[in-house]
Amino acid sequence: MIFPLTFGLDLETAGVKSEYALQPFRAGSKSGRITAASMAANGKTFGVLNPSIESLRTMLNAAIQSDAYLVGWNTAFDAAWLIAVGLEQEVFQVKWLDSMLLWRHAVVEPEGEDVPRQKRKSYSLESAMKEFYPDDAEFKEFKDFQATDDTSLDLLLHRNEMDALWTLRFAEKFWGMLEGRQQVAALIEARCIPSMAKTKVMGLKASPTAAQELSDRLEAEAASIYKELLDTSPEIEGVNLASSPQLQTLLYDVWKLPVDRFSKKTGAPSTDKYALFDLAFLDPRASLLKKLREAKNNRKKYAIGTLNSLEYNGDGHVRPQAKIFSTYTSRITYGSSDKATIEVVKTTKAKGEVRSTKKVEVPVGIALHQWKRGKEYRRIIQPPPGYLLTEFDFAGQEFRWMAVASGDETMLSLCAPGEDAHSYMGAQIAQRDYRELIKMVKDGDAPAANDRKCGKFCNLSYQFRVSVKTATVKARVEYEMDVDENFIRQSQVIYKGSYPGVGGQPYQRTGGYWASQIEKCKRLGYAETFAGRRVQLTGNWAGRDAWPMESTAINYPIQGTGGDQKYLALAIARNLLPQFGGYFYYELHDGLFFIFPEDKAEVASQVFLTELSSLPYEKAWGVKLPIQFPVDAKIGVSWGDLMDLNKFSLR
DNA sequence: GAGTAGAGCGCC
DNA sequence: AAAGGGCGCTCTACTC
C-alpha cells in the first residue's frame, strides 16, 4: 500500500504548574492550555501561537474534508488536548495515525547473545531525530514550554512546526518499512486513538469512601497479625519484616526452618510467598508473615494509591495512563504516574535562594492492570453518575488461539458451543466421563468442581512449556491443589496425549505446534500474528538464548493475536458507541470495559455482545477462522458489582 | 539525596 | 538438564 494522503500535526502545551502541560484534563479548569499548534503538508508548515478553538477546529476540518490522515507523535496526547478544549466531535471524525507507533511496528528487535541486548529504546521523536537525522535535530533543543516572552515564543513555534514536519516525514519513512499486512494491522490499531484520548481526559471515577474503608480494614488486619506474631515471638521486635535479608535471617537462622527455595539471581534463601506457603506446614508463623506482607502491600498499592491519586487530581477521578502498543506483543499497559520536572527553590544562608529542577512522579492514576480481583478492591472503580459499567471478555481467548494455531482437532472441537474444555481436561485427568462431569459440575457437586478446576489449571498452564517444578508450585499456591510433582508430571503426559497438535506426542520434541512454530520462525527470522503483526527473531538459535527465542516464537502468535483482536474490537466498538451515548472506559487485555447511560446500557450490551462475538476477522485480517470467538457480557454499578448480563436488572 | 538493582507480587 | 509469556509498582539495600 502506498503512503496515503497525510498531514502532520503537533501541539505544545503549558500549565499553571509545569507538569499540568502533560495533563490534558487540566484544560477543563483552565489550569492547562495549548500554547502552539502546527500542521505540516508537502514539506510546508503552518503554525499558530495560542490557537483559538476555532483555529484548531479549522485544522481538524482541513484533514476531515480532504479525507487525509492526520499523524502525530504519541497522537493520543494531542487528541486528548483537542477533546479537552471542546473538539471531541471533530477528533472522532479524523482518521488518525501515530508515527511513534509506526516506528514500533517497523522496528527490528534484536535478540540473542550475538547482539547484546540494548537498553530499552526511547521512542521519542527526539530519539528518532538523533538516530536517523542527527544533523537536523537542533530544533529539539528548545525545551521552555512555559515560555512567555516573544523571543522564546518564536522558538517554541519553530519547534512546534518542525515537530509536525518531521512527524510527517517519519510517518512516510516507517510506513514504507512495513509489509502490507503490517500496515493494515497498524491502521486498525490507530482506530483506537480517539477512544484512548477520551479516557485520558475523562479518567475513571473512584470512590474515596471505598478506598478508605479498604485502607482501614487492611491496616487493622496488619496490626492484628503483627500482634499475634509478637505475642508468640517477641524476637521479631525491631525486625523489618518487609526486608528480604532480615526476614531471611529470622526464618532460617533464628527460627531454624529448612531452606527449600532460592532466589534465581543471587541464590539467597527465598522469602517469597511460595517459600512461606511451604514453610507454613512446619510453622504457622510463616503463614502469618505471608498474610502480613500481603495486607501491607495491598493497602499501599490499592487503597492508599487511590486516595493519593484522587487527592492529586482533585476531581474525583483517577487517570491510569494507557500506552498503546506498549509490549512487543502489542498489548496496552497502564501506568499510575506521570513523570514531571518541577522547580525546587532552596534557601541557604550562604547563597540565598537557589533554584534547580528535579524529576518527580505525580500520582495521576492507579495500578489498574494489577488491580486485585476481590470485590472490595474492584468496587473502588465506578462509572460516572447516570452511567452503568459493562465488561466484554473474550472467553478462553488464549486457549482458542492455541487451538487455531495448532490445528489440534480436540482443542478445536472443544471450542464449539456447548463444550467445556476445562471439564474435558479434568475428566481426562480424573479418568471419568466428560459429559457426566459437565452435568455434575452444573448440579453443584463439589468433587466434580474440583476435577474441573484441575482441568482448568492444566489447560491454562501447559499451553506453553512450563516445568514440572514451576507448575507444581503454581498449582499448590495459586490453585490450592493438594498435588505433588509426580501428579503434575502425569497430568502433563495426559495433556500432551489429549492435544497432540500442541506439544507433539508425549516424550517427543517433534510433531506439534511448538516444534513446527520454532522451525518456521528460524526459517523466516520473525514471528507473526494472525493479523500480520511481526516481531523479529534473528538471534542465535543455538546459543544461550535458544530457550527464550523459542518461547517467543511459540508465545507471540497467541498473545500477539489476542492484542490484535482487542484493537479490532475497539475499532468496531468505536463505530457503535455513539448510537448509545457510550464510551470506552478501560481494558484488561482480554476484557474491554465501556460505560453507557443507564437507560441504554442493557440494549447496548446486547448489541455489543453480538457484534464483539462475531468480529470481521476475514475482512480485517484476510484469514478465515475455523471457530468462533465469543465474548461474555457483564454489567453493573461498579467494577466489583458486575454480573452476567442475562441476570441483570436495575429494577 | 538521587538513582539503581534485586526481591517480591499484583494482573492477564 | 531444564524449561511459560507479558507487564508495572513497592520496598529495601546499596552506590555514587
Side-chain angles (χ1 to χ4, degrees), chain A residues 119-120 239-248 261-276 289-290 293-294 296-302 304-305 308-309 320-323 325-337 344 346 356-361 363 365-374 377-378 393-394 396-398 401-402 458 460-471 473-474 477-478 492 502-503 509 514 518 527 535 544 546-560 562-563 566 586-592 639:
Chain A
K119 226 185 146 183
R120 178 175 289 278
V239 177
N240 185 346
L241 299 173
S243 157
S244 332
Q246 292 183 38
L247 194 54
Q248 205 186 96
R261 273 178 73 84
F262 299 89
S263 125
K264 202 159 191 177
K265 279 217 164 133
T266 60
S270 172
T271 60
D272 69 11
K273 67 173 176 181
Y274 305 106
L276 294 178
L289 286 169
K290 179 167 174 273
R293 184 164 62 195
E294 278 168 8
K296 286 189 145 177
N297 286 349
N298 292 340
R299 174 169 179 266
K300 182 73 207 291
K301 189 164 180 178
Y302 304 106
I304 302 296
N308 284 346
S309 179
Q321 301 293 299
K323 266 173 80 178
F325 194 173
S326 159
T327 72
Y328 83 88
T329 55
S330 91
R331 288 188 351 169
I332 288 170
T333 63
Y334 282 92
S336 66
S337 56
V344 281
K346 263 193 208 162
S356 61
T357 60
K358 115 177 158 176
K359 289 217 184 283
V360 295
E361 304 261 327
I366 53 171
L368 184 71
H369 266 182
Q370 295 128 291
W371 216 250
K372 269 184 77 73
R373 298 194 69 174
Y377 293 86
R378 297 204 164 182
D393 191 275
F394 284 102
Q397 191 187 44
E398 289 201 349
W401 285 118
M402 182 57 96
C458 296
L460 297 183
S461 303
Y462 299 167
Q463 296 212 96
F464 307 104
R465 307 173 301 176
V466 67
S467 71
V468 169
K469 204 169 209 158
T470 303
V473 169
K474 193 174 168 165
V477 180
E478 288 169 22
Q492 288 193 338
V502 177
R509 275 184 65 99
W514 291 351
I518 290 167
V535 63
R544 198 159 20 94
W547 185 266
M549 286 178 73
E550 290 177 7
S551 292
T552 299
I554 292 168
N555 183 60
Y556 184 78
I558 310 301
Q559 201 178 93
K566 183 250 312 294
Y586 57 98
E587 70 99 43
L588 225 55
H589 305 316
D590 63 351
L592 292 169
W639 191 7

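Proteins come first, then strands; the chains are lettered A, B, ... in the order of their sequence lines, and each starts at number 1.
- In this structure, A/Q246 reaches the C/dA13 phosphate: one of its side-chain N or O atoms is under 4.0 Å from OP1 or OP2.
- The side chain of A/T552 places no N or O atom within less than 4.0 Å of a non-bridging phosphate oxygen (OP1 or OP2) of C/dG5.
- Within the 4.0 Å cut-off from OP1 or OP2 of C/dG4, at least one side-chain nitrogen or oxygen of A/T470 is found.
- Between the side chain of A/Q370 and the base of C/dG8 there is at least one donor-acceptor pair of N/O atoms closer than 3.5 Å.
- Checking the phosphate oxygens (OP1, OP2) of C/dG6, a side-chain nitrogen or oxygen of A/Y328 falls inside 4.0 Å.
- At least one side-chain nitrogen or oxygen of A/K273 sits closer than 4.0 Å to the OP1 or OP2 atom of B/dG10.
- At the heavy-atom level, A/K474 lies under 4.0 Å from base atoms of the strands shown.
- One atom, NZ of A/K566, and another, C1' of B/dC11, lie 13 Å apart when rounded to the nearest Å.
- Between A/N240 and C/dT12, a side-chain N or O to OP1/OP2 separation shorter than 4.0 Å is present.
- Here A/K300 reaches the OP1 or OP2 of C/dC11: one of its side-chain N or O atoms lies under 4.0 Å away.
- Across all strands shown, A/Y556 has no heavy atoms under 4.0 Å from either base or sugar-phosphate atoms.
- The shortest distance between side-chain heavy atoms of A/L592 and A/K566 falls below 4.5 Å.
- Taking 3.5 Å as the limit, the base of B/dG6 and the side chain of A/K264 contain no donor-acceptor pair of atoms between them.
- The shortest distance between the side-chain N/O atoms of A/R331 and the OP1/OP2 oxygens of B/dC11 is not below 4.0 Å.
- Look at A/T266 and you'll find a side-chain N or O under 4.0 angstrom from OP1 or OP2 of B/dA7.
- Within the 4.0 Å cut-off from OP1 or OP2 of C/dA13, at least one side-chain nitrogen or oxygen of A/S243 is found.
- Within the 6.0 Å centre-distance limit, the rings of A/Y586 and A/W639 are counted as a close aromatic pair.
- Remark: A/T329 is not in phosphate contact with C/dG5, judged by side-chain N or O atoms under 4.0 Å from OP1 or OP2.
- One finds the CD atom of A/Q559 at 8.0 Å from the NE2 atom of A/H589 (value rounded to the nearest 0.5 Å).
- Of the side-chain N and O atoms in A/S336, none sit less than 4.0 angstrom from OP1 or OP2 of C/dG8.
- Regarding contacts with the backbone of B/dC11, every side-chain N or O of A/R373 stays at 4.0 angstrom or more from both OP1 and OP2.
- Atom-to-atom, CD1 of A/I332 to C1' of C/dC7 comes out at 13 Å; the value is rounded to the nearest Å.
- Dashed line: the shortest gap from a side-chain N or O of A/T333 to OP1 or OP2 of C/dG8 is under 4.0 Å.
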